[in-house]
Amino acid sequence: IPGYGDSPPVEMALTSQGRGAFLDRVLQELGMQRPVLISPSMSGRFALPFLLAHGDRLAGFVPIAPVGTKDYTAEHYRGVQTPTLILYGDRDTGLAPQALQNLQHLPKHRVAVLSGAGHACYLDKPEDFHRALLGFLRQLK
């Protein structure tokens with residue numbers, strides 16, 4: 001994520017619209033057509049604006065307790081037709097409940113909760129994470 005860790009900041013990433021456009025450019029440069037976008041934690045600041053503007057260009061969306069879900073209304077989410085797997089660890093009592101409360105307005109969602117996992121559920125329970133992810137990927141067209 002530009003501007004986090006040791007990465008340099010990117011001017012266009014200063015606004016949510018700019019962050020969505022930045023992700024759009026990355027996917028175009030990589031030549032990706034209808035990818036599944038997996039969005040843990042801070043990446044939500046990029047993934048959510050992209051999803052709301054270009055969700056039709058994704059085969060699927062997998063938010064993992066992303067930040068920024070409260071920045072959008074239920075109506076914003078209801079307009080997105082992207083198949084979504086809302087995934088989180090049951091020990092994530094911070095971001096996960098807030099993300100679920102907001103993302104459950106996505107009309108084509110399902111939820112997977114990883115028992116005994118925290119915020120980085122994919123690190124805490126990698127086998128359970130991959131089982132849920134692969135199950136979701138298999139049912140996509």
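Heads up: numbering here begins at 1 and tracks the sequence. Note that this is a predicted model, so its numbers are computed, not measured.
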Heavy atoms only: give me the nearest [X]-[Y] pair and the separation to one decimal.
| X | Y | answer |
| --- | --- | --- |
| G60 | L140 | CA-CD1, 4.3 Å |
| A112 | L85 | CB-CD1, 3.9 Å |
| P35 | R57 | CD-O, 3.7 Å |
| L23 | A47 | CD2-CA, 3.9 Å |
| P66 | L95 | O-CD2, 4.1 Å |
| P49 | G44 | CD-O, 3.7 Å |

Check for a donor-acceptor pair, side chain of [X] on one end and backbone N or O of [Y] on the other, with a separation under 3.5 Å.
| X | Y | result |
| --- | --- | --- |
| R34 | L58 | yes |
| H76 | Y72 | no |
| D124 | G118 | yes |
| Q104 | Q101 | yes |

Next on the checklist: One pair to check against side chain to side chain contact (heavy atoms under 4.5 Å, CB included): T69 and Y77. What are the steps and the verdict?
Outcome noted: CA-CA 10 Å; T69 62; Y77 292 117; 3.5 Å; yes
Roughly how far apart are [X] [atom1] and [Y] [atom2], rounded to 0.5 Å?
| X | Y | atom1 | atom2 | answer |
| --- | --- | --- | --- | --- |
| F50 | L27 | CZ | CG | 5.0 Å |
| L48 | S39 | CG | OG | 6.0 Å |
| S41 | D92 | OG | CG | 8.5 Å |

Spell out, yes or no, whether [X] and [Y] are grouped together once hydrophobic residues are joined by side-chain heavy atoms under 4.5 Å, including indirect joins.
| X | Y | answer |
| --- | --- | --- |
| L133 | L100 | no |
| F129 | V111 | no |
| I64 | L103 | no |
| F46 | I86 | yes |

Next on the checklist: Using the rule given for side chain to side chain contact (heavy atoms under 4.5 Å, CB included), can you reason through L51 versus L106, listing the C-alpha separation, both sets of side-chain angles and the distance that settles it, and then say yes or no?
Outcome noted: CA-CA 11 Å; L51 174 74; L106 291 165; 4.3 Å; yes
Checklist entry - Is there side-chain contact between D128 and R131, with at least one heavy-atom pair below 4.5 Å? => result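 Yes, close enough: below the 4.5 Å cut-off.
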Checklist entry - Do V36 and F61 have side-chain heavy atoms sitting under 4.5 Å apart? => result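 No, side chains not in contact.
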Next on the checklist: Within a 6.0 Å radius of atom CZ on R91, are there more than 12 heavy atoms belonging to other residues, nucleotides or ligands?
Outcome noted: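 No, because the 6.0 Å sphere around CZ of R91 holds 12 heavy atoms or fewer from other groups.
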Checklist entry - Does the pair Y88 and L114 meet the rule for a side chain to side chain contact (heavy atoms under 4.5 Å, CB included), with working shown? => result CA-CA 6 Å; Y88 64 93; L114 302 187; over 6 Å; no
Checklist entry - Do R45 and D71 meet the salt-bridge criterion of a basic N to acidic O distance under 4.0 Å? => result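 Counted as a salt bridge, because a side-chain N and a carboxylate O are separated by less than 4.0 Å.
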Checklist entry - Which of these, L137, T84, I38, sits in a side-chain contact (heavy atoms from CB on, under 4.5 Å) with V62? => result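 Running side-chain contact (heavy atoms from CB on, under 4.5 Å) over L137, T84, I38 with V62 returns exactly one hit, I38.
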Item to check | Evaluation steps, side chain to side chain contact (heavy atoms under 4.5 Å, CB included), between H54 and D24 | outcome: CA-CA 8 Å; H54 306 293; D24 183 33; 4.2 Å; yes
